[in-house]
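Please read the structure below before turning to the comments.
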Amino acid sequence: MDKSGKKIRVLVAKPGLDGHDRGARVVARALRDAGFEVIYTGLHQTPEQVAETALQEDVDVVGLSILSGAHMTLVPRIKKLLQDNGMNEVMMIVGGIIPEDDAEKLVSEGYAEQIFTPGDPLDKITGYISNNFK
Amino acid sequence: MEREKFHHLDDQKRAWEKHAESLEGRKESFVTVSGRPVKMLYTPLDTEKLDYEKDLGFPGSYPYTRGVQGNMYRGRLWTMRQFSGFGDAYDSNRRYRYLLEQGQTGLSVAFDMPTIMGYDSDHERAMGEVGRCGVAIDSLEDMEILFDNIPVDQVTTSMTINGPASILWCMYLANAEKQGVNLKQVGGTIQNDILKEYIAQKSWIFPPEPSIRLITDIFAFAGEHVPRWNTISISGYHIREAGSTAAQELAFTLADGFAYVEAGINAGLDVDSFAPRLSFFFNAHIDFFEEICKYRAARRIWAKRMKERYGAKDERSLKLRFHTQTAGCSLTAKEPENNIIRTTLEALSAVLGGTQSLHTNSMDEVLALPTEKAVKIALRTQQVIACESGVANTIDPLAGSYFIETLTDKLESEAEEYFQRIEDLGGVLAAIDQGFFQQEIADAAYKYQRAVDNEEQVIVGVNRYNSNEPLEIELLKIDPAVEEKQVSRLRKLKEKRDNLAVRQSLDNLVNCASGNDNIIPGILEAVKVYATIGEIVASLKEVFGEYKEKPLF
């Protein structure tokens, strides 16, 4: 919940072409169990589709799951499209097989607030959103 | 006499049980990685009903529980087949030649996501994905480069491709012909298993009905022209990676297999004309004994059903042959060197389970595509098991173990229960449509993750014995220039080829797809004039449409 008592709305999105949705679906369910309002896009979304759904669903958080190695292309594109839609405040988090160098770059250049990788417990993800949501 | 003996044993067992249960245990319950409870001890009382001839038999004989070949690894070891592909066809060709030089005995091609989804490298949706998690193949030209200086009459090749399997297969065959090889000599495998795409792997293109038609057309064409080709690799691997239990992997994979058999029969094919070329692909997860039992149960279930329900007479139709890959999802990003040990155990279970071919994961695959060094260690793991450990000396060495036989039976009966549930839902396609498999797998995956998070399931270096040291291994990086290079080569090809012939071949293909004739000759004609995968898929989409999933979690 945010400060006004409204449920935090999280979009779990699978951009790109890879079909590995185990992580996205497990995280989506953990977020729901932790009391978030969760919208899951399903697979094979274009960056435009992700940004469009984020806007229509008026979400507070966008969580991208990418396991195809295309994160350096997809994350910045989606971030830009969200900004173009006026969604500057939305919290962007990314999960997947993201090498450390890339993760640092995505965070330091402001494309994502936090990166989660294999081995991170579910509570770390739900906790991060709860603790950092303003 | 027998009865008396068992009575006596039962008394003794009760006495032992009373004593053993009074001792303090490390934890309350002991379960497999699939959450299956395991007893402290198994005795002859558990296998009282085991009938050697009926349930086990001899290797190479019905019901093949002990193996599909008469002399198993004494005749020929399993094929050591490392799955690989990255960058463009030149990069991957170099890796394949390296692996063959290192003693690998078969090739296995990993394609990039655009190829898997049927897009050309210059398509908008391919942006950022070209050559990333496999090799980019747009046309016959790429296939020629990929197999340059690799004799396709001597090396068998497995291709992990499903939605556009028919197209990549035709490219492979066209290249073989250009190398001067008779198609009757060409051996290999296409994964071509669309059902598990809808269920777990989620890389689909067309809806189920036309997809199944493409598959039965491949069965028919191969039966006549490419008799050494394994036309499908019915895959549990991805079902398991998506989070299923061992019993679900076994049941869903075999249910898919039976669905293909029924599709072939419904298409008018004689079961023995295509069933001998069906092959399987299983996961080797970390729970050692459960995996071994899974392979043994799979062989027995397949043989029984093929004989009893589908009336197969050719004994090759009854033999479940399978490839195994160690479990990617069991590997950890933390302390990746430990993955070598996990992979060793998993590979050993596949060998003790009688696999026909094996891929061992490299320690760094949870982080990136493997480096040459990591893939060499993975291959050496198989070679040590094969040549040093002695486990390949005798066939099915764990048979007769009270535990192994009990668990094999248990997995078989659980699979039978699932077959009944699937049948009650209206069959595999109806069950997919209702999200049955997807939900079962999602539930199991969630349960597993919770067990890891609360440390019921220990993962060394992650939730126990975690040293938090920084990562110290080198990772393979894909040059971002690969995409540009691939796109520019594709553009050149589109200029220099005979575009009139391409247009005609695509028009023919649309006509053929709209009718009932076998579609493979039409695809073969199109790839030979260098029509691209994107063009062929787009033409087929005009007739077949596209699959859409209902997203659930």
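The analysis underlying the following values was restricted to heavy atoms, covering all of them including side chains, and did not include hydrogens, waters or symmetry mates. Chain identifiers are assigned alphabetically (A, B, ...) following the order of the sequence lines, protein sequences preceding nucleic acid strands; residue numbering begins at 1 within each chain. Just so it is clear, the structure is predicted and the values come from calculations on it, not from any experiment.
- Between the CD1 atom in I97(A) and the CG atom in L367(B) there is a gap of 7.5 Å [rounded to 0.5 Å].
- No other option in V26(A), V27(A), L67(A), L17(A) has as many heavy-atom pairs under 4.5 Å with chain B as L17(A).
- Of the listed residues (C133(B), A445(B), A242(B), A333(B)), the one with the most heavy-atom contacts under 4.5 Å to chain A is A242(B).
- Highest contact tally toward chain A, considering only G461(B), A368(B), P480(B), G243(B), is held by G243(B) [criterion: heavy-atom pairs under 4.5 Å].
- At a 4.5 Å heavy-atom cutoff, A24(A) makes no contact with chain B through either its backbone or its side chain.
- Contacts of L552(B) with chain A are made by both backbone and side-chain atoms, with heavy-atom separations under 4.5 Å.
- In terms of heavy-atom pairs under 4.5 Å with chain B, the best-connected choice from G119(A), G42(A), P118(A), G69(A) is G69(A).
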Residue pair V38(A), F553(B): steps toward the side chain to side chain contact (heavy atoms under 4.5 Å, CB included) verdict: CA-CA 10 Å; V38(A) 181; F553(B) 63 89; 3.9 Å; yes

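- With a threshold of 4.5 angstrom between heavy atoms, P114(B) approaches chain A through its backbone and through its side chain.
- For V462(B), the part lying under 4.5 angstrom from a heavy atom of chain A is the side chain only.
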Quick check - list every chain B-chain A donor-acceptor pair under 3.5 angstrom, one line each.
from    : atom 1 : to      : atom 2 : distance (Å)
R125(B) : NH1    : H44(A)  : O      : 3.2
R125(B) : NH2    : H44(A)  : O      : 2.8
E129(B) : OE1    : S68(A)  : OG     : 3.0
E129(B) : OE2    : L17(A)  : N      : 2.9
K202(B) : O      : H44(A)  : NE2    : 2.9
K202(B) : NZ     : D21(A)  : OD2    : 2.7
E241(B) : O      : R22(A)  : NH1    : 2.7
Q438(B) : O      : R25(A)  : NH2    : 3.4
D443(B) : OD1    : R29(A)  : NH1    : 3.0
D443(B) : OD1    : R29(A)  : NH2    : 2.9
Y446(B) : OH     : D33(A)  : OD2    : 2.7
R450(B) : NH1    : D123(A) : OD1    : 3.4
D453(B) : OD2    : L122(A) : N      : 2.9
L552(B) : O      : R25(A)  : NH1    : 3.3

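- Looking at L74(A), the atoms closer than 4.5 Å to chain B (heavy atoms on both sides) all sit in the side chain, from C-beta outward.
- At a 4.5 Å heavy-atom cutoff, the contact between M117(B) and chain A is made by side-chain atoms alone.
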